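Keep in mind it's a predicted model, so treat the numbers as computed, not measured. This chain uses plain numbering: 1 for the first residue, then up along the sequence.
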Amino acid sequence: MFDPNDPRRNAAWQAAQQWRARASQSSGGALGGVKLVFTWLLFGLLLIIGTVVGLFLLLLGWALLPIMRYRMKKRFEQLRAEQAKTAGGSYHYRETHFRQSRPESHRGENTLLEGEYEVRDDKTRQR
């Protein structure tokens, strides 16, 4: 009699059987096993090499941390000293420092007008 739940009538089961048949035909006997062993050995070797390279880079980064910390500390000290100089100095010193620190191409772009300024209302402008 016809059984609708028979696994041999299932399309997935039939595809798996075909795949199994093709795999058993193309294995090549002993040569396929040797290929499989060499593939796993190569994969393991690549994993070991990757781990060693990763550990080396990690150790290199840890070794460079004190050097980078020292450089950053010196840079911040220089920045703090420069800010302390400009904060304690006069207006003239700060303006001169600003002008000297800008590149030549931007010097004529913005000029500072010194003096006292007063904002007028629209009523006073019309007079």
| Do Leu41 and Val34 share a hydrophobic cluster, counting only Ile, Leu, Val, Met, Phe, Trp and Tyr and linking them when any side-chain heavy atoms are less than 4.5 Å apart? |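 Both belong to a single hydrophobic cluster.
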side-chain contact (heavy atoms from CB on, under 4.5 Å) partners for [X], two or more places apart:
X     : answer
Lys74 : Tyr70, Glu77
Leu45 : Ile49
Phe43 : Trp40, Leu47
Leu64 : Leu60, Ile67

| message | Rounded at 0.5 Å granularity, tell me how far NZ in Lys73 sits from CD in Gln78. | response |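 Interatomic distance, Lys73 NZ to Gln78 CD, rounded to 0.5 Å: 15.0 Å.
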| message | Using 0.5 Å steps for rounding, measure from the CG atom of Leu46 to the CG atom of Leu42. | response |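 Here the interatomic distance stands at 5.0 Å.
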| task | Go through the steps to decide whether Phe56 and Val53 satisfy the test side chain to side chain contact (heavy atoms under 4.5 Å, CB included), and finish with yes or no. | result | CA-CA 5 Å; Phe56 172 74; Val53 168; 5.6 Å; no
